[in-house]
Amino acid sequence: MSEISLYWFRQDLRLTDNPALHEAVKSDKTIAIYIHDEKYPIGSASKLWLSKSLKKLDESLNNKLNIYKGSPKDIIEKLTKENNITNVYWNRCYDKYSIKRDSEIKKLLQNNDIDVKTFNGSLLLEPWQCLKDDNTHYKVFTAFYKKLIQIKPYVPNLSKANVINLIKLENSISLENLELTKPKHSWQRIINFWEVGEKAAQLKLEEFIEDKINNYKEARDYPSMDSTSKLSPHLHFGEISPSQIFNAIYQNNVSSNHEHFIRELTWRDFSYYLMYYYPDFDTKNINEKFDNFEWDNNLKLLKRWQEGQTGIPIVDAGMRELWQTGYMHNRVRMIVASFLVKNCLIHWKYGEEWFFDCLFDADIANNCASWQWVAGCGMDAAPYFRIFNPALQAQKFDSKGDYIRKYVPEISKLPNKYLAEPWTTKPEILEKANIQLGKTYPYPIVDLKTSREKALEQYKKL
DNA sequence: TCACTTTTTCT
DNA sequence: GAAAAAGTG
């Protein structure tokens with residue numbers, strides 16, 4: 001009797017350097033499945049990316065991807081029984097929902113005498129592989145990073161899986177039936193500005209190494225420069241493995257540019273690491289001291305922030321970039337987050353949810369870890385008193401105003417000097433630039449100086 | 001006293 | 001990270 005394996009795609013929508021798939025296709029026949037579990041959180045923008053990515057994946061599997069909707073446990077149990085499956089393979093996930101789900105499924109299958117094998121397909125190192133000498137987990141990024149570099153020597157990547165023996169089942173539903181493509185906002189149109197899928201991810205990595213890496217460390221901070229890799233959505237859906245990126249960048253002679261990029265890539269691993277050791281970090285402050293923090297949570301301010309109508313140009317530019325492109329430059333993510341949490345005194349969870357819904361690269365681990373980092377309540381977080389001054393940040397990192405002018409065109413006629421803080425501009429200059437503050441562009445929703453002082457005062461109470 | 005740079009402090 | 005304080009010529 002021939003051996004039939006089941007391969008379950010999750011956040012690893014690729015064929016190259018996919019350890020679980022690599023093993024699964026060694027069976028005589030393989031059934032490759034994707035299950036859309038509506039209980040699993042996914043943002044509006046991400047749904048579109050997912051739908052496109054699954055389409056690309058299906059193409060590279062010669063249209064043999066089997067798609068289902070519902071409870072993974074029920075579906076997998078049914079499939080294994082109906083098809084006499086002997087082996088089940090997947091790459092591991094690290095959020096609490098997936099861990100619980102996967103361990104239940106594993107147990108169930110093993111009780112049915114099915115062999116379950118799981119692999120690391122999403123991280124440079126798994127959370128339990130990078131520990132301090134006393135076997136406890138790291139709490140500080142830099143120490144974690146040093147250890148990771150030390151114990152992650154070159155691990156050769158796996159070649160593209162040979163997917164010639166796939167079975168297409170009759171009960172597979174069509175991609176359209178997943179209903180991923182009817183969002184309220186125009187994500188459907190916006191996604192067309194992105195190339196989705198494994199091939200696009202590979203190309204992006206090549207282009208990054210060719211054009212951008214040699215100036216990465218310096219240029220990465222300037223939002224108008226397009227100097228970052230933009231690999232984040234590909235990494236989120238596993239269209240490319242972090243290990244492949246690591247190997248491509250971190251070779252014998254690493255410059256400080258290469259090193260810096262690897263640091264950023266390692267932040268992603270550290271986020272997953274934190275999620276693993278603090279499973280509730282999507283809703284709870286890692287640092288419990290912050291549970292007593294008195295937030296204002298003024299929803300009117302939140303709405304202005306979401307709409308990019310705060311009256312602070314760099315903040316509005318960032319929030320509009322997010323809404324118009326499903327992406328935001330990293331430097332600006334820090335600025336708008338700091339503004340929401342510290343100047344507006346709004347709980348990081350509100351910002352985290354908005355980002356999660358609007359980003360194509362929305363990722364529970366990265367998103368929660370980063371918001372907690374900015375808010376100061378995370379492990380090894382930015383100290384709370386570190387408060388960005390958005391006007392100063394704009395002068396430093398968008399000194400020519402290219403980024404602000406692109407997304408806040410109503411003030412584009414202002415001279416560079418005033419672009420970062422139009423509210424300080426003399427009336428005659430405003431008039432010359434065709435701006436009526438409060439009408440064509442808002443006054444700042446909070447005063448930067450007094451809101452900063454208020455935040456520090458609240459923090460002192462902890 | 002000034003204009004500018006560097007260091008310290010902020011929880 | 002930014003503001004305040006201290007240092008410099």
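Letters go in sequence order (proteins before strands), and every chain restarts at 1. Side chains included, hydrogens not; waters and symmetry mates left out as well; all remaining heavy atoms used.
Residues from residues 454-462 of chain A that place a heavy atom under 4.0 Å from any atom of DNA chain B, listed by number: A/Y459, A/K460.
With a heavy-atom cut-off of 4.0 Å to chain A, the contacted part of DNA chain C has its first and last nucleotide at C/dG1 to C/dA3. Running 5' to 3' along DNA chain B, contacts with non-hydrogen atoms of chain A at under 4.0 Å begin and end at B/dC10 to B/dT11.
Sorted by first then second residue, the side-chain hydrogen bond (donor to acceptor under 3.5 Å, both in side chains) pairs that include residues 138-150 of chain A, not counting sequence neighbours, number zero. The list of ring-ring contact (aromatic ring centres under 6.0 Å, His included) pairs with a residue in residues 432-462 of chain A, not counting sequence neighbours, reads A/F290-A/Y459, A/Y384-A/Y459.
Counting only N and O atoms by type, the side chains of A/Y97 and A/D37 include a donor and acceptor under 3.5 Å apart. In this structure, a donor-acceptor pair under 3.5 Å is absent between the side chains of A/N214 and A/N257. The closest side-chain donor-acceptor pair between A/E239 and A/W49 falls under 3.5 angstrom.
Scored by the side-chain hydrogen bond (donor to acceptor under 3.5 Å, both in side chains) test, A/T310 finds A/D316 as partners (sequence neighbours excluded).
For the pair A/K100 and A/E104, the salt-bridge criterion is met [side-chain N within less than 4.0 Å of a carboxylate O].
When each of A/K73, A/R92, A/R10 is tested with A/D102 by the rule side chain to side chain donor-acceptor pair (under 3.5 Å), just one qualifies, namely A/R10. Each of A/I346, A/I445, A/I387 was evaluated against A/F339; a single residue qualifies, A/I445, per the side-chain contact (heavy atoms from CB on, under 4.5 Å) test.
Between A/F144 and A/F141, the ring-plane angle classifies as tilted under the 30° and 60° cut-offs.
A/K396 comes within 4.0 angstrom of the backbone, heavy atoms only, and of no base.
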